[in-house]
Amino acid sequence: MLAGLPGLEVVKIRQLLLLWYKEKGRDLPWRHQKDPYCIWVSEIMLQQTQVKTVIPFYQRWLQRFPTIKDLALADLQEVLKAWEGLGYYARARNLHKAAQYLIQNYNGIFPDRLEEVLSLPGIGRTTAGGILSAAFNQPISILDGNVKRVLSRFIALSVPPSKALPQLWELSDSLIDLENPRDFNQGLMDLGATVCTRKNPKCDQCPWQGDCQAYNKGIQSQLPMSEKSTPIPHKKIGVAVIYNDQGQILIDRRPTDKMLGGLWEFPGGKLEPDETVEECIKREILEELGIIIEVNEHIITVDHAYTHFRVSLIVHACRYLGGEPKPIGCEEIRWVNLDQLEEFPFPKANIKIIEALKLIKDC
DNA sequence: AATACGTGGTC
DNA sequence: TGACCAAGTAT
């Protein structure tokens, strides 16, 4: 007995989902084999990221880093370059760090014990369950966005999922099919992704329609309850594309453990109140790099939305005048040609700047 | 417990 | 354009 359901009902519910999955489950690249490394890579990439976005990254990644050893031996810069555009770059840094740890301590073998998997950086409860069930068919439950939505509707949860995590985990634990946990977990996620969608759920195609409390109450489109959101600030950033007399451009590498850590960027900083963009850029470059520049024409303004704030990058062409550049507020600095920029990993907002520079050069 | 952490898609 | 969300984890 669980969640008010008799044991016989639970057996039926499991079978309904497994049957549905067999007929309607998605064919995804990482389901073709059971190498825990490949499953691991897919699970990390899929954190907060849609399947459609992940697939090309996943295939390129395994081509470049086919094994844990290949990943461990690679340079972090190359790892980040392979991750460029996927976002949440700590995932790539953690994947790299964990691969090196596995080479050092596990002879490069991915562990099959929950406690050990959970101890790896970047792997939490859901990712651990996803890996252990998919790679080893272990009955470890999951609670990702899809499962939260499916289960919230299934029990007509009257609060946002984040307010009922223990209850939802308990339900996911109780439902999982002990004979076929791999297909059960994958089926649960597929159900959320293709049938029990956030908007316009296709309840007429759902194997759990008869047992879904939200459906039976006619409130499925109102669930799950939305999380409360806080307003996000909007920052204006002055950005410098600094040229020297050889026509090279100055770029810097961001501190490894901060936002966009390890990625390269065009230097700059936040506009202070009552400061012009020109003043801001000149001040920031002196503070961060210790050099004097002349701020020239406006190149482009890039608007970009992150999760918890938005920015307008106001980019100006600048000329290097004097002083020895020093990495004061960053890890490293380099003078590079326009053509060399693509060798470095850049965040998306900076890639828009590079595109603009290429257009200017072509004129 | 609340916040930091990217990007692409939708309406 | 702005708000919201998608295979979450770390602190």
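Computed from a predicted model, the values in this text were never measured in an experiment. Naming convention: chains lettered A, B, ... in sequence-line order (proteins, then strands); numbering from 1 in each chain.
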*Give a yes/no on whether any side-chain N or O of A:H304 is located under 4.0 angstrom from OP1 or OP2 of B:dG6.*
no
*How long is the line joining CG of A:D144 and P of C:dG8, in whole Å?*
5 Å
*Considering heavy-atom distances to DNA chain C, does A:R31 or A:N94 have its closest nucleotide positioned more toward the 5' end?*
A:R31
_Cationic N near anionic O, under 4.0 Å, A:R125 to A:D173_ = yes
*Hey, which sits more toward the 5' end of DNA chain B by its nearest nucleotide, A:Y89 or A:K163?*
A:K163
*Can you check whether A:Q47 reaches A:T127 side chain to side chain, under 4.5 Å on heavy atoms?*
yes
_Any side-chain N or O of A:K199 below 4.0 angstrom from OP1/OP2 of B:dT10?_
no
*Take the protein atom NZ of A:K352 and the nucleotide atom P of B:dG8, then report the distance between them rounded to whole Å.*
8 Å
*Please confirm whether any donor atom in the side chain of A:T49 sits under 3.5 Å from an acceptor in the base of B:dG6, or the reverse.*
yes
*Of the candidate nucleotides C:dC5, C:dT9, B:dC5, which contains the atom at the shortest distance from the side chain of A:T307?*
B:dC5
*asked:* Strictly below 4.0 Å: does A:R310 bring a side-chain N or O up to OP1 or OP2 of C:dG2?
replied: yes
*Base, sugar-phosphate, or nothing for A:S42, non-hydrogen atoms under 4.0 angstrom?*
nothing
*Calculate the interatomic distance between A:R26 atom CZ and C:dA6 atom P; express it in whole Å.*
13 Å
_Once you apply a heavy-atom cut-off of 4.0 Å, does A:W83 come out as touching a base, just sugar-phosphate, or nothing?_
nothing
*asked:* Distance check needed: C:dA7 P versus A:Y58 OH, whole Å only.
replied: 18 Å
*Looking only at side-chain atoms of A:H308, point me to the closest of C:dG8, B:dG6, B:dA4.*
B:dA4
*Side chain of A:K348: nearest nucleotide among B:dG6, C:dA3, B:dG8?*
B:dG8
*Quick one: which of C:dA6, B:dT3, C:dA7 gets closest to the side chain of A:T230?*
B:dT3
*asked:* Measuring from the side chain of A:Y88 (C-beta onward, heavy atoms only), which nucleotide among C:dT9, B:dC5, B:dT7 has the closest atom?
replied: B:dC5
*Quick one: label A:I131 by what it contacts on the DNA or RNA (base, sugar-phosphate, nothing), any heavy atom closer than 4.0 Å.*
nothing
*Answer yes or no: is there an ion pair linking A:R254 with A:E331, defined by an N-O contact shorter than 4.0 Å?*
no
*Is there a donor on the side chain of A:T53 or the base of B:dG8 sitting less than 3.5 Å from an acceptor on the other?*
no
_Listed partners of A:D35 passing side-chain hydrogen bond (donor to acceptor under 3.5 Å, both in side chains), at least two apart_ = none
_Protein-nucleotide distance (A:R93, atom CZ; B:dG6, atom C1'), rounded to Å_ = 12 Å
*At under 4.0 Å, does any side-chain N or O of A:Q47 touch on OP1 or OP2 of C:dG8?*
no
*If you take atom types as modelled and just measure distance, does the side chain of A:R149 reach the base of C:dA7 with a donor-acceptor pair under 3.5 Å?*
no
_Lys/Arg N to Asp/Glu carboxylate O, A:D339 vs A:K358, below 4.0 Å_ = no
*Classify the nucleic acid contact of A:S229 as base, sugar-phosphate or nothing, counting any heavy atom under 4.0 Å across all strands shown.*
sugar-phosphate
*Taking side chain as C-beta onward, heavy atoms only, is A:S221 less than 4.5 Å from A:K199?*
no
*asked:* Once you apply a heavy-atom cut-off of 4.0 Å, does A:L86 come out as touching a base, just sugar-phosphate, or nothing?
replied: base
*So what does A:G85 touch, heavy atoms closer than 4.0 Å: a base, only the sugar-phosphate, or nothing?*
sugar-phosphate
